[in-house]
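Written out below as structure tokens is the structure these notes cover.
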Amino acid sequence: MNSPQLDTKAQAVRLTPPREKRRSPLRAAHLFLLPYVILLILFGIVPGLYALIISFAKFVGGRPQYFQAGLDNYITAYTDFRVLDSFSNVLSYLLISIPIGVIGVIFISLWLHAKPGKISTAFRTIFFIPGAFAGPALVLLAFFMFSPTTSPFGVLLTAMGFQNSAEVTLRDNYPVLFTILGFFAGAGGWVSIFYGALDGISKEVMEAAIMDGCNTFQTAYLVKLPLIRTYLAYMVMLTVAGNVQVFAEPQLFGSKYWSPNQIGYAFAFEIGNFGASAAISLLMVTVGLFAATLIIKYSGFYQTDATAS
Amino acid sequence: MKLPSNLASRRKSQYNTGWFLWLSVLVLLAIYFVLPILWLIAAPTKLDGQLLSMPSLAIGDIRNYASAWANLMTYGKGVILLWAQNSLLYTLASVLLSVIVSVPAGYAFATAQFAGRSLLMTLTLITMILPGSAMVLPLFLEMNQFGLIDTAWSVILPAMFYPFGVYLSYVHFSTALPKDLLAAGRVDGCNEWQLFRYIGLPLARTLFALLSFLSFTHNWNNYFLPFVMLNNSKLFSLPIGLQVMATSTPMLNPTFAAENAVVKRPEAALIVMMLVVPVIIIFIVAQRYIVTSALSGSSKE
């Protein structure tokens, strides 16, 4: 019986361990969890709290004086023009990368799923492979790709009026360039996930749609799309939370203060103002936490008995 | 794959214009996803000058791979081998330790009710979705307190915390481990450790493979964390080393004298390959498996 993946998952996650009385599992469970809980506290919770404390600390000669700074660090951080610039940079990056990511991934998934079979699977693999590129390796590859003299897309770049890589990799072009980069490396993974979700749509539903006279386009639009909405929401939130953190790309493209994380880094390591650095990091953490909470609350994707209660 | 076979075969037999349109769009997309990789493979077969003069996808002389490698070895007296070794050490240690910690935790979530379960579960979900890079600077401040900056531990310890691994283990044991089996084991007098050891673990082989894969790719490619934690160039991982090398090449940094550089374009392409090829190999080997499991971590029947 090949029950659809989506259903399996939903059932699986809602499974609640039997509630009958047990003799000893209480202590054993805690032991099994102990190392993880220690790590959770040390690397999941403490850094956040510590950053919060640091953000209110004054640094005198590199030594923190806790709770002495009041809101000074926040004022320093959030009135700095570079910080405000970096927010608008990241915002324009999101405004381009999110719609393109969403439309692109949905289009490719539906397109592949219109004719499932060996060919479709082969292409899915091909689109998936660039996921191996990340960080500096991805950016370096991009450098070659954005340089008309070395790139296999050189013809295209020249046709668009670019003479050399410096003209392509202008600061103003970053949002578009990072979108191209991010889609190259990230789209395939999401396509696989969406495709899996599409595969989970029951055959009765699909057959009924075809019986009712839906053509390929209509089944895609009217039947498949609404059924993968959850995954879409999940993708959007994770991508927003992730793209806000962009660091390697602008750093290697040679712009020091382009993204908030870069400025957080600069505040800590170039200016030596850990307080302001923490104030910026906390905002980044908050964006991530906000996205995480939304996903857990509204997507139903992680409906465990823990979150449902 | 799982679609009704009658539907699939009906469609497959239609090699008409619609089918060709379908295929040609995919081929166009594949150009975007594949040409950069083909270029990368061809790049070290050409000399630096040839990369500019020859057609971008042309293959030069395969022996140039060897000379590019030899050039790389002269950079910092072969420091790149040290970085590769560091990368391997950090990654393998992180994979091993994160899996060892995550699997029992996920097992406990799946099989037992205990005080604090819901709180821990919620924290796990939140930290799992929170992008790792958001925590890097706060982690630095913490590690600095512990005096662990510029040690391998500053990279390995945070990587041991792997909430996604715990979540996947939880889902795995919730689905793959029949509750009756545990109950039967208990009746037979197994203690909780024995249940885990003799019933849970043998059913977790695929889980170990999945977690190792995911943890490997994540940690192998990890950049921001080691970049912030490590100052000593002897401790760099490959991604950091690549960044340092790349910014000291005339390619990315025009102020650097081009004639003196040992790391030119073919060498840079070769390092990118060093980073990417291991992951691609694992991708291809594990592909079918990843695609189904990365989705849900639960698609075992």
Side-chain angles (χ1 to χ4, degrees), chain A residues 2 5 8-9 12 15 17-18 25-26 28-29 32-33 35-36 39 43-44 46-48 50-51 54 115-117 123 125-127 129-130 132-137 140-141 145 149-150 152 192-193 196 199 203 241-242 245 247-248 264 277 281 284-285 288 292 295-296 302 304 306-307 309, chain B residues 2-4 8 11-12 22 26 30 33 35-36 39 51-52 56-57 101 104-105 108 111-114 118 121-122 125-127 129-131 133-135 137-139 141-142 158 160-161 171 174-175 179 192 221 223-224 239 242-243 246 268 272 275-276 279-280 283 287 291 295-296 298-299:
Chain A
N2 59 351
Q5 282 178 3
T8 317
K9 177 174 174 52
L15 270 180
L26 203 116
F32 281 144
L33 276 162
Y36 170 67
L39 291 170
F43 302 118
V46 169
Y50 190 58
I54 289 274
K115 299 180 194 300
F123 275 103
T125 311
I126 289 172
F127 300 159
I129 286 174
F133 290 82
L140 208 61
L141 182 71
M145 295 303 112
T149 44
T150 52
S192 290
I193 290 176
D199 245 7
K203 80 173 152 192
Q245 318 283 338
F247 180 84
S277 174
S281 295
M284 297 291 97
V285 174
I295 293 174
I296 293 170
Y302 297 107
T304 65
T307 49
S309 59
Chain B
K2 274 189 192 164
L3 211 88
R11 295 243 179 87
K12 220 191 256 175
W22 179 75
L26 291 181
F33 286 107
L35 277 200
W39 178 88
L51 269 171
L52 303 177
S56 61
L57 291 171
V101 170
T111 57
Q113 284 292 351
F114 49 86
S118 332
M121 198 68 196
T122 308
L125 293 177
I126 290 176
T127 46
I129 300 169
L130 187 71
S133 45
M135 277 292 193
L137 291 172
L139 269 173
L141 300 172
E142 186 188 1
M160 283 174 68
F161 172 55
V171 173
S174 299
T175 33
K179 299 284 175 275
E192 292 302 315
N221 280 328
Y223 165 71
F224 195 27
L242 169 59
Q243 191 240 340
V272 174
L275 264 165
V276 166
V279 184
I280 291 185
F283 267 22
Q287 194 254 347
V291 165
L295 167 64
S296 54
S298 69
S299 55

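Each chain gets a letter, A, B and so on, in the order the sequences are listed, and its residues count up from 1.
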Any [X] side-chain heavy atom under 4.5 Å of [Y] side chain:
X	Y	answer
Phe32(A)	Thr111(B)	no
Tyr223(B)	Gln243(B)	yes
Phe43(A)	Met135(B)	no
Leu26(B)	Phe127(A)	yes

Ala108(B) and Leu33(A): which non-hydrogen atoms are nearest, and at how many Å? CB-CG, 3.8 Å
Specify the closest pair of heavy atoms between Met284(A) and Gln245(A), including all atoms of both residues, with the distance to one decimal.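 So the two residues come closest at O-NE2, 3.4 Å.
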Side chain, backbone, both or neither of [X] within contact of chain A (heavy atoms, under 4.5 Å):
X	value
Phe161(B)	both
Leu57(B)	side chain
Trp39(B)	side chain

Choice from [options] maximising heavy atom contacts with chain B below 4.5 Å:
options	result
Pro47(A), Gly288(A), Gly44(A)	Pro47(A)
Ala137(A), Pro152(A), Gly264(A)	Pro152(A)
Ser281(A), Ala51(A), Ser277(A)	Ser281(A)
Ile54(A), Thr149(A), Thr150(A)	Thr150(A)

What part of [X] is in contact with chain B, defined as an atom under 4.5 angstrom from a non-hydrogen atom: side chain, backbone, both or neither?
X	value
Phe247(A)	side chain
Tyr36(A)	both
Ile129(A)	both

Between CE on residue Met145(A) and CG on residue Leu140(A), distance to nearest 0.5 Å: 10.0 Å
How many angstroms lie between CZ in Phe123(A) and CH2 in Trp22(B), if you round to the nearest 0.5 Å? 7.5 Å
Between [options], which shows the greatest number of heavy-atom pairs under 4.5 Å with chain A?
options	value
Pro239(B), Pro104(B), Pro36(B)	Pro36(B)
Val272(B), Thr127(B), Leu51(B)	Val272(B)
Ile126(B), Val279(B), Val276(B)	Val276(B)
Asn221(B), Leu275(B), Leu141(B)	Leu141(B)

